[in-house]
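Read the structure below first, then the notes.
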2 protein chains.
Amino acid sequence: MTTHDPSGPAAGPETRGRAIPPASVARLTIYLRALNSLLAEGVERVSSEELAEAAGVKSAMLRKDLSYLGSYGTRGVGYEVQLLTRTIAARLGLTQEWRVAIVGAGNLGRALAGYSGFTTRGFEVAAIFDADPAVIGSEVGGLKVSAVMDLEKVLARTGVNMVVLAVPARSAQELCDELVAAGVRSILSFAPVVLQVPPGVEVRKVDMATELQILAYHAQRAQESEQSSQSRARSAR
Amino acid sequence: MTTHDPSGPAAGPETRGRAIPPASVARLTIYLRALNSLLAEGVERVSSEELAEAAGVKSAMLRKDLSYLGSYGTRGVGYEVQLLTRTIAARLGLTQEWRVAIVGAGNLGRALAGYSGFTTRGFEVAAIFDADPAVIGSEVGGLKVSAVMDLEKVLARTGVNMVVLAVPARSAQELCDELVAAGVRSILSFAPVVLQVPPGVEVRKVDMATELQILAYHAQRAQESEQSSQSRARSAR
DNA sequence: ATGTGTGAATCGATTCACAGCA
DNA sequence: TGCTGTGAATCGATTCACACAT
């Protein structure tokens with residue numbers, strides 16, 4: 001699904017901290033969100049039970065996830081909200097600011113440029129690109145749209161280190177190649193295609209069509225078992 | 001992450017076909033996309049090796065995934081593209097048309113309403129809702145925006161059986177409750193919150209902030225191991 | 001000869017259950 | 001006493017490797 005680097009070429013024993021299992025990393029972001037809410041409400045301590053409830057997981061799993069960070073709770077008491085928040089944020093790499101470029105200023109790209117969720121926590125949208133001359137130079141979300149032809153130059157100037165790819169499927173692989181050539185190593189793609197990238201480049205995918213199809217699968221099964229229980233009921237009388 | 005129904009209350013031995021493991025269901029949608037490309041190119045047969053390559057997985061995994069559907073390949077030959085395409089589509093529930101409502105006509109909701117990826121295969125956007133009186137009644141993607149107050153009525157009239165929730169985090173749970181009350185059992189949420197739903201309702205989440213944070217985690221690790229290998233090189237001379 | 005279908009082996013993720021500490 | 005931290009047990013997902021069909 002994503003390209004990772006189990007213990008990359010340059011990863012020696014010096015690498016700070018063991019790697020956290022991928023499934024745990026994904027959940028840590030959820031805990032972080034819940035903790036931020038608690039922080040906003042002025043709550044100072046949580047138990048694993050309470051936090052797990054808010055995150056929709058079992059408390060044993062939450063404790064195991066947190067144990068990969070070290071030991072930050074107090075037995076018999078719980079976790080300090082502030083300390084835990086900072087610890088997770090630091091471990092996820094959210095103490096540094098990430099500069100994001102959006103490639104593709106169509107419907108989706110423009111919606112993303114205006115999405116406060118990015119800016120809210122440590123992700124600064126620093127550039128937006130399009131290939132269409134009619135769009136280049138126009139303003140979107142307070143940024144002037146740059147030409148994809150100037151990709152490398154503008155990325156370097158704006159200090160971008162992460163890219164959101166919001167272009168049609170047919171141009172996604174080509175642009176992805178250009179991004180990689182320009183030195184980008186973290187890509188979040190909304191294009192419904194499997195992107196081929198060299199090792200060392202991390203790609204994550206958000207795929208609405210896939211998600212709807214998965215929903216369809218479950219909905220169909222629910223229909224079927226409903227029908228079969230109805231026919232069972234019918235033949236039983 | 002999602003609500004499933006391991007072998008639901010009504011699921012008896014009559015349920016057509018065994019359940020497909022969740023991880024396989026997700027990949028079947030990817031295979032389907034690759035197969036549709038092959039179909040468009042006029043290719044008639046594929047081997048598991050070729051299709052796996054296109055989907056970015058190992059061939060053994062592809063064969064195991066397909067084996068949950070039954071036996072549709074020919075030993076020594078491969079799979080017929082057309083037959084396999086139809087088989088997967090049928091099993092995923094894509095032979096019936098799904099009618100989708102978009103709840104939330106903000107930036108994201110409007111972008112989604114105009115997204116061809118929905119309409120392209122079996123998902124018809126049948127309604128779009130918003131709570132803002134200034135937006136209600138305006139036209140988005142060829143549809144008049146309905147009031148969320150009329151949710152139940154409009155959903156029933158338009159025959160919607162699947163909802164995309166594109167509203168701010170703070171109103172997501174409340175709207176989700178209303179959707180469930182109105183009989184919706186399949187929800188794709190873009191809101192960055194954990195939605196609580198009763199059993200029998202399937203929620204899937206698309207979460208851009210989480211994805212970016214996961215990228216940040218890996219990018220930070222890559223930075224760290226780069227730095228440690230540099231300092232190792234320095235101290236070695 | 002070739003490539004599918006699948007048991008057996010492996011690997012990772014989740015849950016259990018309890019020892020240990022405040 | 002109460003709740004964390006974690007080995008051990010379980011469960012699911014992936015990979016291996018080969019028997020079998022064409």
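Just so it is clear, the model here is predicted, and its values are computed rather than measured. Computed from heavy atoms alone, side chains included, the values below leave out hydrogens, waters and symmetry copies. Each chain gets a letter, A, B and so on, in the order its sequence line appears, and its residues count up from 1.
- One can place CG of Asp65(A) at 13 Å from C1' of dG12(C), the figure rounded to the nearest angstrom.
- A donor atom on one side chain and an acceptor atom on the other are found under 3.5 Å apart for Thr29(B) and Thr210(A).
- If you measure from atom CD of Glu80(B) to atom P of dG3(C), you get 16 Å, rounded to the nearest angstrom.
- Using a 4.0 Å cut-off, some side-chain N or O of Ser48(B) falls inside it from OP1 or OP2 of dT4(C).
- A straight line from CG of Leu62(A) to P of dT15(C) spans 12 Å, rounded to a whole angstrom.
- Remark: the Asn107(A) side chain and the Tyr115(B) side chain contain no N/O donor-acceptor pair separated by less than 3.5 Å.
- Nearer the 5' end of DNA chain D, as judged by each residue's closest nucleotide, is the contact made by Ser47(A), out of Arg63(B) and Ser47(A).
- When all heavy atoms are compared, the tightest approach of Asp177(A) to Gln196(A) is OD1-O, 4.2 Å.
- Checking dA13(D), dT14(D), dT15(C) against every side-chain atom of Met61(A), the shortest atom distance belongs to dT15(C).
- As a whole-Å value, the separation of Lys64(A) NZ from dT10(D) C1' is 12 Å.
- Contact check, Ser71(B) against dG5(C): a side-chain N or O comes under 4.0 Å of OP1 or OP2.
- You won't find any donor-acceptor pair under 3.5 Å spanning the side chain of Arg75(B) and the base of dT22(D), going by distance alone.
- A sub-4.0 Å separation between OP1 or OP2 of dT14(C) and a side-chain N or O of Arg27(A) is present.
- Closest to the side chain of Pro21(A), from the set dA13(C), dG3(C), dA13(D), is dA13(C).
- Taking atom CG on Leu69(A) and atom C1' on dT4(D), their separation rounds to 14 Å, with Å as the unit.
- Side-chain atoms of Ala60(A) lie closest to dC16(C) of the nucleotides dA13(D), dT22(D), dC16(C).
- For CZ of Arg185(B), the number of neighbouring non-hydrogen atoms (other residues, nucleotides, ligands) closer than 6.0 Å is 12 at most.
- Rounded to an integer number of Å, the gap from Arg45(A) CZ to dT4(D) P is 11 Å.
- Remark: C1' of dG5(C) and OH of Tyr68(B) are 12 Å apart, rounded to the nearest angstrom.
- dA13(D) atom P lies 12 Å from atom CD1 of Ile20(B), rounded to whole Å.
- In terms of phosphate contacts, Tyr79(B) brings a side-chain nitrogen or oxygen within less than 4.0 Å of OP1 or OP2 of dG5(C).
- Remark: Arg99(B) CZ is packed, more than 12 non-hydrogen atoms of other residues, nucleotides or ligands lying under 6.0 Å away.
- With DNA chain C read from its 5' end, the first of the two nearest nucleotides for Val46(B) and Lys58(A) is the one closest to Val46(B).
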